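Structure, as structure tokens:
Predicted model only: the values in this text are computed from it and were never measured.
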Amino acid sequence: MIYTVIDKYYLTDEQLKNSPSRKDDIDEATETNLRIYGCTLIQESGILLRLPQAVMATGQVLFHRFYCKKSFARFNVKRVAASCVWLASKLEESPRKARQVLIVFHRMECRRENLPVVHLDPFSKKYAELKTDLSRTERHILKEMGFICHVEHPHKFISNYLATLKTPPELTQEAWNLANDSLRTTLCVQFKGEVVACGVVYAASRRFQVPLPENEPWWEVFDAEKSAIDEVCRVLAHLYSLPKAQYIPVCKDGDSFTSSNKSRDSQTLPVSKRLDALKRHLPVPGEEGWNELRKIAVRFEEKIYTGATSQSDYLRKLSLKMLTMDTKTQIASANNLPSNSAGNSKNPQDPAGKKESFDIDLKEQDNAVLKTIFKTGNKKTSFW
């Protein structure tokens, strides 16, 4: 028997029962619901993006393969579905821009959650975060696949099988519909495309009561077994008995396209700490200087927040910046002690006279504002 590289993606029932999601205490019903929900998102987004059915089918297969290796508790189903659509559109040579995919998923979520439909600004911080997460998730998918993303769909076998069996035309459409529905299940990671094709043809023939030759079983011609066909029919029947899939928040890192991965609740305290640090090292004259210093601290915090990948990463970067600032201030103060003792500085209280150099990456307008506040004249003070 000849094995191909995609044979490693076909799993047994035992392997599916011991999926990574089960190890994270997600029960079978919840995992099945989230799989169907994610595939529904892929199908609907593909329609809105005017993608061919092959793209949506490939995206759903990639979705199932990924969650056979990763848990729903660690990767958000909505974000993974968006990345699968984006990746599949490139694999099937019908590429769509990341901006188009994000806007579609954002609008879909607003509709599903009964939220006000607000346009996703491509120049906003939220969009930048979503785009970064989209690319990051795509890399995770490719890494788990070993960059092997070849997919064989059952659709290409259905027409040939039915033409060989000389069935009526309406049976072809029914079998095609069943093949599309089968993508919402784990059949694509349990059986090869030829077996799934035989299963949907068998189910369609039973629904339309079209007899197929069984004295010499027709499925043996197409290298399928009766037990596998029965399993395909059983999984499809179970799918149609389930209620409409709903989103269940089981992921620990972010839940939606309408909210960020990182919590903004943790930002008030870092801003106040940053203000205290700036006030300690740069005593500002008057209320106007205090207000301008607050604006600079907020802008600095926003810059750290945008570059962070998670709440813990945000707090870590902010702490490192504050530590760097304190360290450089102490070094600068130590270096300036001789000049201060000699009385070379006419205004010891002038922050520019200290020549402290802070490693703060702010805009030129911030330096200009502080220069005006501290009245440093032509002297320039480097902040951060």
Validation row: Arg74, Ser71 side chains within 4.5 angstrom (heavy atoms) = yes
By ring-ring contact (aromatic ring centres under 6.0 Å, His included), which residues pair with Tyr67, not counting sequence neighbours?
-> Phe63, Phe72
CG of Leu130 to CZ of Arg99: how many Å apart, nearest 0.5 Å?
-> 14.0 Å
Student check: side-chain heavy atoms of Cys84 and Ile141 closer than 4.5 Å | yes
Taking a hydrophobic cluster as the set of Ile, Leu, Val, Met, Phe, Trp and Tyr residues connected by side-chain heavy atoms closer than 4.5 Å, whether directly or through intermediates, do Phe75 and Ile248 fall within one such cluster?
-> yes
Does Asn114 reach the main-chain N or O of Cys110 with its side chain, forming a donor-acceptor pair under 3.5 Å?
-> no
Would you kindly confirm whether Val55 and Leu91 end up in one hydrophobic cluster when ILVMFWY residues are joined by side chain heavy atoms under 4.5 Å apart?
-> yes
Look up atom CG in Leu142 and atom CD1 in Ile148, then write down how far apart they are to the nearest 0.5 Å.
-> 11.5 Å
Name all pairs fulfilling the salt bridge (charged side-chain N to carboxylate O under 4.0 Å, His left out) condition that reach into residues 165-175, sequence neighbours left out, sorted by first residue then second.
-> Glu174-Arg207
Indicate yes or no: at least one non-hydrogen side-chain atom of Val77 is less than 4.5 angstrom from one of Cys251.
-> no
Below 4.5 Å, heavy atoms only, C-beta onward: do Arg107 and Leu48 meet side chain to side chain?
-> no
Does one hydrophobic cluster hold both Tyr240 and Val232, with members joined at side-chain heavy-atom distances below 4.5 Å?
-> yes
Within the side chain of Thr137, is there an N or O that forms a donor-acceptor pair under 3.5 Å with the backbone of Ser83?
-> no
Closest heavy-atom pair and its distance - Ala82, Val101 = O-CG1, 3.7 Å
Between Glu138 and Arg79, is there a side-chain N and carboxylate O pair less than 4.0 Å apart?
-> no
Has Arg111 got more than 12 heavy atoms of other residues, nucleotides or ligands less than 6.0 Å from its CZ?
-> no
Quick one: pull up OH in Tyr127 and OG1 in Thr132 and give me the separation to the nearest 0.5 Å.
-> 9.5 Å
Side chain proximity check, Lys17 to Arg22, heavy atoms < 4.5 angstrom = yes
Euclidean distance, Ile36 CD1 relative to Leu242 CG, rounded to 0.5 Å = 5.0 Å
Starting from the C-alpha separation in whole Å, work towards a yes-or-no answer on side chain to side chain contact (heavy atoms under 4.5 Å, CB included) for Val201 and Phe157.
-> CA-CA 10 Å; Val201 167; Phe157 301 107; over 6 Å; no
Shortest non-hydrogen separation from Ala245 to Asn33 and the atoms involved = CA-OD1, 3.3 Å
Return yes if a side-chain donor-acceptor contact under 3.5 Å exists between Thr30 and Asp27, otherwise no.
-> yes
Any side-chain heavy-atom pair from Trp219 and Lys226 closer than 4.5 angstrom?
-> yes
Calculate, to the nearest 0.5 Å, the distance between atoms CG and CE belonging to Leu62 and Met145 respectively.
-> 5.5 Å
Test item: Asn177 and Val200 side chains (from C-beta on) under 4.5 Å apart, heavy atoms = no
Salt bridge check: are Arg234 and Asp230 linked by an N-O gap of less than 4.0 Å?
-> no
Check the angle between the aromatic planes of Tyr202 and Trp218 and answer parallel, tilted or perpendicular using the 30° and 60° thresholds.
-> parallel
Test item: Thr12 side-chain N/O and Gln15 main-chain N/O as donor-acceptor pair under 3.5 Å = yes
Would a hydrophobic clustering, with Ile, Leu, Val, Met, Phe, Trp and Tyr connected at side-chain separations under 4.5 Å, put Leu165 with Trp176?
-> no
In the single-linkage hydrophobic clustering (I, L, V, M, F, W, Y; side-chain heavy atoms under 4.5 Å), do Leu178 and Val61 co-cluster?
-> no
Geometric cation-pi criterion, Lys78 with Tyr247: 6.0 Å, 45° | yes
With rounding to the nearest 0.5 Å, note down the distance linking CD1 in Ile103 to NZ in Lys97.
-> 10.5 Å
Residue pairs meeting side-chain hydrogen bond (donor to acceptor under 3.5 Å, both in side chains), one or both in residues 36-51, sequence neighbours left out, come to Thr40-Arg184, Gln43-Gln53, Gln43-Gln60, Glu44-Arg112
Exam field: side chain Trp86 to backbone Arg96, donor-acceptor pair closer than 3.5 Å = yes
Tyr161 ring center within less than 6.0 Å of Phe222 ring center | yes
Backbone N or O of Gly193 within a donor-acceptor pair of the His153 side chain at under 3.5 Å?
-> no
Shortest non-hydrogen contact from Gly38 toward Ala81 | O-CB, 3.9 Å
With a 4.5 Å limit on heavy-atom distance, are the side chains of Met56 and Leu183 in contact?
-> no
